[in-house]
Amino acid sequence: MAEQVNVQDAKTRLSELLARVERGEEITIARAGRPVARLIAIVEPPRRELGFLKLGPVPDSVFFDPLPDDELELWEGGGL
């Protein structure tokens, strides 16, 4: 269960409360006994690798070649 602290106490002990949150605790901050906020640790999502197909790099000769006229017309909004 999360510990509840009042706003003044949280302001006074913020560094201590943050250290506890980093260790996995959850702190509820209350104003006049009414919960208004929760301190929880931020969980970083795992790093994702861009791309899922293992095709290798696209050679510049293919990437920078101009599009054929029919494809270029579709990209520019024509032919629909």
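- Separation of atoms CG (Leu17) and CG (Leu39) is listed at 6.5 Å; rounding is to 0.5 Å.
- Rounded to the nearest 0.5 angstrom, Glu76 CD and Leu74 CG are separated by 10.0 Å.
- Closest heavy-atom contact between Ala30 and Gly33: CB-C, 4.0 Å.
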Starting from the C-alpha separation in whole Å, work towards a yes-or-no answer on side-chain contact (heavy atoms from CB on, under 4.5 Å) for Glu16 and Leu18. CA-CA 5 Å; Glu16 173 199 334; Leu18 290 175; over 6 Å; no

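- Side-chain contact between Arg20 and Ile27 is present, with heavy atoms from C-beta onward closer than 4.5 Å.
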side-chain contact (heavy atoms from CB on, under 4.5 Å) for Gln8 and Arg31? Distances and angles first, verdict last. CA-CA 9 Å; Gln8 184 60 43; Arg31 180 181 294 127; over 6 Å; no

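- In this structure, CD on Gln4 lies 10.0 Å from CD1 on Ile29, to the nearest 0.5 angstrom.
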List the steps, then state whether side-chain contact (heavy atoms from CB on, under 4.5 Å) holds for Thr28 with Glu3. CA-CA 6 Å; Thr28 301; Glu3 178 182 345; over 6 Å; no

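- Crowding of Asp69 atom CG: a count of heavy atoms from other residues, nucleotides or ligands under 6.0 Å not exceeding 12.
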